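To keep things clear, I will list the structure first and then write my remarks on it.
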Amino acid sequence: MDIAHPSTFVKDLVRIRVSDRVRAERMADPVFGTVFTEHMATARYVEGKGWHDARIQPFAPMAMSPATAAFHYGQAIFEGLKVYRTPDGSRQLFRPEENARRFGASAARLSMPAVPEALFLGALGELVAADEKWLPSAPDTSLYLRPFQMATEEYLGVRPAGEYLFGVIACPVGSSFPGGTAPLTVWVSDAYTRAAPGGTGAAKCAGNYAASMAAHTQAREAGCDQVVFLDAVERRYVEELGGMNLFFVFDDGTLLTPPLGGTILPGVTRDSVITLARDAGHHVVERPYTLAEWRADAVSGRLREVFACGTAAVVTPVGTVRSPEGEFTVSGGEAGAVTEKLRDALTGIQYGRTADPYGWTRRTRQPAAATDVPPVSSTPRQ
């Protein structure tokens with residue numbers, strides 16, 4: 001299935017800012033999230049008018065009032081997904097409809113108007129078409145897309161804003177495993193929690209990440225790559241890493257992952273891994289799992305592998321766990337066979353190296369005729 005490009009997008013592609021030589025230099029070894037393409041997709045929302053003014057324009061700073069609502073009251077959400085180059089030279093996205101749905105759910109949680117799925121997908125397709133030259137072709141590289149939405153009304157007052165900006169920016173990214181899949185060392189935070197019941201844990205909102213930075217700093221000071229968050233009520237149950245979901249692999253082939261329920265982000269990669277694991281014959285259980293169980297199962301050898309998963313890092317093994325009570329390792333701190341098998345199965349589909357029996361991938365193509373694409377609709381506030 002292809003992603004069509006809504007004809008409602010106005011294109012400002014006249015300004016050529018980057019030569020082929022400079023582009024190649026910037027793409028040679030990009031640090032994640034630091035090199036951006038030449039254009040961005042944007043659309044505006046005004047209460048009573050709905051979404052309008054969809055356009056592709058040069059990537060550039062945006063002028064905003066010091067009273068912009070997002071700066072003061074935190075109405076800001078985002079998504080993350082990748083464009084992959086396939087062996088035949090085509091470009092494809094992986095389950096972008098799921099990102100669109102989660103984006104809408106995040107908007108609803110923060111009392112923001114939902115971006116229509118056609119607009120969301122159209123913005124992705126149009127931006128990829130405009131900046132196709134920025135999609136790397138080296139093995140395991142990709143073009144990372146960052147859709148975002150923020151309140152832009154100028155006011156000071158605790159209420160949902162009446163004006164919003166939706167945008168998509170892009171950056172080329174190198175291989176997620178340039179030196180192989182070295183297992184992560186993770187820090188269990190005893191001082192901070194990520195989300196509480198009734199909070200915004202299931203939303204991909206900016207405030208969640210700001211609140212997690214103190215725990216990430218603590219993890220780095222302990223010599224760790226990532227932080228593990230426990231539940232906010234009993235401080236016993238493992239929930240997720242700072243930006244990834246967790247899976248535990250046992251000696252009988254069973255996979256366990258903490259359940260969703262409002263405090264854990266419902267990862268697209270997480271959902272994909274569950275499907276791939278079950279189809280490979282693994283029993284997958286979603287249930288609460290305590291840190292004490294993690295330690296005991298690792299010591300006994302019953303727990304054979306642990307891995308984290310997310311858009312940026314895909315599937316990454318976890319080898320060592322540190323906390324104020326000490327540290328322990330899983331399976332000698334080495335990557336496991338199940339982790340590698342699932343990573344290979346997932347990336348094979350994403351990059352088009354293997355068949356996609358699930359219909360997860362979406363090829364991007366040139367703009368469709370205006371009569372083939374529905375207009376951008378106005379959407380009431382949720």
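In this text, all values refer to a predicted model and were calculated from it rather than measured experimentally. Note that these values count all heavy atoms, side chains included, but never hydrogens, waters or copies made by symmetry.
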Which atoms form the tightest heavy-atom contact between [X] and [Y], and what is the distance?
X	Y	result
V330	V318	CB-O, 4.3 Å
L135	S142	CD1-C, 4.1 Å
F229	V227	CE1-CG1, 3.6 Å
A43	L119	CB-CD2, 4.1 Å
T86	G352	CG2-CA, 4.2 Å
T263	P197	CG2-N, 3.6 Å

Rounded to the nearest 0.5 Å, what separation is found between the [atom1] atom of [X] and the [atom2] atom of [Y]?
X	Y	atom1	atom2	answer
Q350	R343	CD	CZ	11.5 Å
F247	E305	CZ	CD	13.0 Å
R44	T42	CZ	OG1	6.5 Å

Take W187 and Q218 through the side chain to side chain donor-acceptor pair (under 3.5 Å) test and state the conclusion after the steps. CA-CA 8 Å; W187 173 260; Q218 188 182 56; 3.0 Å; yes
Are [X] and [Y] ion-paired here, with the side-chain N under 4.0 Å from a carboxylate O?
X	Y	value
E293	R287	yes
E97	R101	no
R102	E79	yes
R295	E327	no
D231	R194	no
R270	E286	yes
D252	R304	no
R302	D297	yes
R23	E38	yes

[X], [Y]: one ILVMFWY side-chain cluster at the under-4.5 Å cut-off?
X	Y	value
V273	I349	yes
V284	F250	no
L121	L127	yes
L256	F328	yes
L230	M244	yes

Could you tell me if R235 sits above the aromatic ring of Y237, with its cationic atom closer than 6.0 Å to the ring centre and no more than 45 degrees from the axis? no
For F9, is the NZ or CZ atom of R55 found under 6.0 angstrom from the centre of its six-membered ring and inside 45 degrees of the ring axis? no
Single hit among L346, T269, V314 for side chain to side chain contact (heavy atoms under 4.5 Å, CB included) with C309: T269
Side chain to side chain contact (heavy atoms under 4.5 Å, CB included) with P147: of L81, N99, I169, only one passes, and it is L81
Looking just at side-chain N and O atoms, do [X] and [Y] make a donor-acceptor pair shorter than 3.5 Å?
X	Y	answer
S106	R109	no
S90	R363	yes
Y164	Q75	yes

Which pairs, with at least one residue in residues 332-354 and sequence neighbours excluded, count as a ring-ring contact (aromatic ring centres under 6.0 Å, His included)? Y84-Y351
Could you go through the ring-ring contact (aromatic ring centres under 6.0 Å, His included) check for F166 and F148 one step at a time? CA-CA 6 Å; F166 164 60; F148 63 93; 7.5 Å; no
I need the full list of salt bridge (charged side-chain N to carboxylate O under 4.0 Å, His left out) pairs touching residues 28-37, with sequence neighbours left out, sorted by first then second residue. none
Candidate pair F36 and Y144, rule side-chain contact (heavy atoms from CB on, under 4.5 Å), full reasoning: CA-CA 9 Å; F36 298 95; Y144 181 81; over 6 Å; no
One pair to check against side chain to side chain donor-acceptor pair (under 3.5 Å): S272 and R95. What are the steps and the verdict? CA-CA 9 Å; S272 304; R95 306 188 73 182; 2.9 Å; yes
Side-chain contact test, heavy atoms from C-beta onward, threshold under 4.5 Å: evaluate it for E154 versus M64 and give yes or no. no
Check for me whether the distance between the ring centres of Y289 and W294 falls short of 6.0 Å. no
Centroid-to-centroid, F103 to F78, below 6.0 Å? no
In sequence, state the C-alpha distance, the side-chain angles, and the governing distance for I77 and M112, and then conclude on side-chain contact (heavy atoms from CB on, under 4.5 Å). CA-CA 9 Å; I77 61 173; M112 303 166 74; 4.1 Å; yes
Anything under 30° is parallel, anything over 60° is perpendicular, the rest tilted; go ahead and classify W360 against F94. perpendicular
Evaluate the criterion salt bridge (charged side-chain N to carboxylate O under 4.0 Å, His left out) for residue pair D140 and R353; output intermediate values, then yes/no. CA-CA 11 Å; D140 297 323; R353 295 190 289 259; 3.6 Å; yes
Does K341 form a salt bridge (charged side-chain N to carboxylate O under 4.0 Å, His left out) with D344? I'd like the steps, not just the answer. CA-CA 5 Å; K341 178 180 69 174; D344 290 346; over 6 Å; no
